[in-house]
Amino acid sequence: MSEIIRLENIIKRFYIGQPNELEILHGISLSVRDGEFVSIVGPSGSGKSTLMNLIGALDRPTSGNYFLDGIDVEKASENELSEIRNKKIGFVFQTYNLIAKTNAIKNVELPMLYAGVSSSERRKRAMELLDLVEMTDRAKHLPEELSGGQKQRVAIARAMANDPAIILADEPTGALDTKTGRLVMDLFHKLNREQKKTIVLITHSPELASETHRIINIRDGRISEEGGAI
């Protein structure tokens, strides 16, 4: 399998040049293969959220090289980065990030709207994706009318809207009870197995991490160890 994510000696600092300059990531190097399901595990303050923001092209490293599906992220313009985020990466967050006054199907359609997909095609694909996550009967419901697990399933459908190569999931079960979290993890396994999606799961849970192909442990801004899971 080819590499889809490659980070080489990534350093990330904040407040650069100021007395309170802070280095969060101290030379991170890692790669993820196309179709792999990996977890990045670490305690609060370990740097895993900063790392996720870099992998998702939401932020740029202070130094080092990052290649995303062959694209040198450092050399990409802001417009190119925006297109990468919209078309190559699907984001799933602990807090769902659904638009409150917009029903489920329109939330799923939104990334396709930004990508210039026609109205009829957006609606068709959004319904297919809601069917995939077993939420067609809630298509017209607002987020406030959905349970946490239902919101997360809509968020996963939205992450799949533009058929991204990579799904980045940041503590996706963190706000859910055990049973609902199990449903969400089963859905990720299904997307990885059946649709060959590359999935990067950010978690503090060793139990969830143990379900992935490979575990990347991060501590104090450094990768402490890597291990195979299943």
Side-chain angles (χ1 to χ4, degrees), residues 1 3-5 30-42 48-49 51-58 68-69 85-98 104 107-108 110-111 125-136 138 143 146-218 226-230:
M1 288 186 289
E3 285 180 338
I4 194 164
I5 291 169
L30 67 88
S31 64
V32 178
R33 295 184 299 277
D34 192 16
E36 202 174 7
F37 189 172
V38 305
S39 50
I40 297 175
V41 184
K48 61 185 188 297
S49 292
L51 181 58
M52 195 207 88
N53 287 339
L54 295 177
I55 293 172
L58 296 167
L68 176 63
D69 203 12
R85 286 192 295 269
N86 193 35
K87 295 187 176 176
K88 287 192 178 291
I89 303 170
F91 294 92
V92 180
F93 300 97
Q94 179 176 342
T95 51
Y96 323 121
N97 286 21
L98 299 177
N107 264 286
V108 177
L110 199 59
R125 176 150 176 80
M127 283 305 293
E128 288 171 353
L129 289 167
L130 287 174
D131 183 51
L132 178 74
V133 300
E134 299 179 5
M135 284 292 292
T136 47
R138 297 285 192 272
L146 302 174
S147 69
Q150 289 170 337
K151 289 176 190 174
Q152 196 59 294
R153 282 189 277 164
V154 172
I156 292 169
R158 181 187 57 189
M160 293 286 291
N162 289 326
D163 196 24
I166 301 164
I167 295 176
L168 273 184
D170 188 9
E171 300 281 7
T173 65
L176 306 176
D177 61 59
T178 304
K179 183 181 176 183
T180 311
R182 175 74 267 149
L183 292 173
V184 168
M185 282 300 291
D186 287 346
L187 191 49
F188 284 129
H189 285 295
K190 181 179 179 182
L191 294 175
N192 175 248
R193 184 177 62 249
E194 297 179 8
Q195 302 205 12
K196 312 301 182 192
K197 297 299 177 190
T198 303
I199 300 177
V200 179
L201 172 71
I202 313 291
T203 183
H204 66 272
S205 166
E207 291 82 9
L208 292 184
S210 70
E211 297 183 25
T212 64
H213 299 153
R214 186 160 54 99
I215 300 168
I216 299 164
N217 286 289
I218 182 169
E226 284 194 45
I230 56 172

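- Remark: Glu134 engages no residue in a side chain to side chain donor-acceptor pair (under 3.5 Å) (not counting sequence neighbours).
- Looking at Leu132 and Gln195, their side chains come closer than 4.5 Å, going by heavy atoms from C-beta outward.
- Between the OG1 atom in Thr136 and the CG atom in Leu130 there is a gap of 7.5 Å [rounded to 0.5 Å].
- The side chain to side chain donor-acceptor pair (under 3.5 Å) with Ser39 is formed by just one residue from the set Thr203, Thr212, Asn217; it is Thr212.
- Between Leu176 and Gly149, the closest heavy-atom pair is CD2-N, 3.6 Å.
- Nearest approach of Glu207 to Ser210, heavy atoms of both residues: O-OG, 2.6 Å.
- Within the 4.5 Å cutoff, the side chain of Asn97 has no heavy atoms near those of the Phe91 side chain.
- Screening Leu51, Val32, Leu168 for a side-chain contact (heavy atoms from CB on, under 4.5 Å) with Ile40, the sole residue that qualifies is Leu51.
- Rounding to the nearest 0.5 angstrom, the gap separating the CG atom in Leu146 from the CZ atom in Arg138 is 7.0 Å.
- The closest donor-acceptor contact from the side chain of Asn192 to the backbone of Gly35 lies under 3.5 Å.
- With sequence neighbours left out, the ring-ring contact (aromatic ring centres under 6.0 Å, His included) criterion links Phe37 to His189.
- A distance-only check finds a donor-acceptor pair linking the side chain of Arg158 to the backbone of Tyr96 [under 3.5 Å].
- Between Phe93 and Met52 there is a side-chain heavy-atom pair separated by less than 4.5 Å.
- The shortest side-chain heavy-atom distance between His213 and Arg33 does not fall under the 4.5 Å cut-off.
- Test Asp69, Ile166, Ile5, Ile4 against Asp34 for side-chain contact (heavy atoms from CB on, under 4.5 Å) and you get one pass: Ile4.
- In plain terms, the two heavy atoms of Leu129 and Ala157 that are nearest each other are CD1-O, 3.4 Å.
- In summary, Lys190 and Asp186 do not engage in a salt bridge, as defined by a charged side-chain N under 4.0 Å from a carboxylate O.
- To the nearest 0.5 Å, atom NZ of residue Lys196 and atom CD of residue Glu194 are 8.5 Å apart.
- Of all heavy-atom pairs spanning Gln152 and Val92, the tightest one is OE1-CG1, 3.3 Å.
- When side chains are defined from C-beta on, Val108 counts as touching Val154, because their heavy atoms get closer than 4.5 Å.
- Summarising the geometry, atom CD belonging to Glu171 is positioned 8.5 Å from atom CD1 belonging to Ile202; distances are rounded to the nearest 0.5 Å.
- Rounding to the nearest 0.5 Å places CG of Leu191 at 5.0 Å from CD1 of Ile167.
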Apply side chain to side chain contact (heavy atoms under 4.5 Å, CB included) to Arg125 and Asp163, showing your working.
CA-CA 10 Å; Arg125 176 150 176 80; Asp163 196 24; 3.8 Å; yes
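- Among all heavy-atom pairs drawn from Pro143 and Leu98, the shortest one is CG-CB, 3.9 Å.
- A donor-acceptor pair under 3.5 Å links the side-chain atoms of Asn162 to the main chain of Pro111, judged by distance alone.
- Here the side chains of Leu68 and Ile89 are in contact, with some heavy-atom distance below 4.5 Å.
- Atom CE in Met185 sits 8.5 Å away from atom CD1 in Ile199 (nearest 0.5 Å).
- Across all their heavy atoms, His204 and Lys48 have their closest contact at N-CE, 4.2 Å.
- Considering only heavy atoms from C-beta on, Ile156 comes within 4.5 Å of Phe188 through its side chain.
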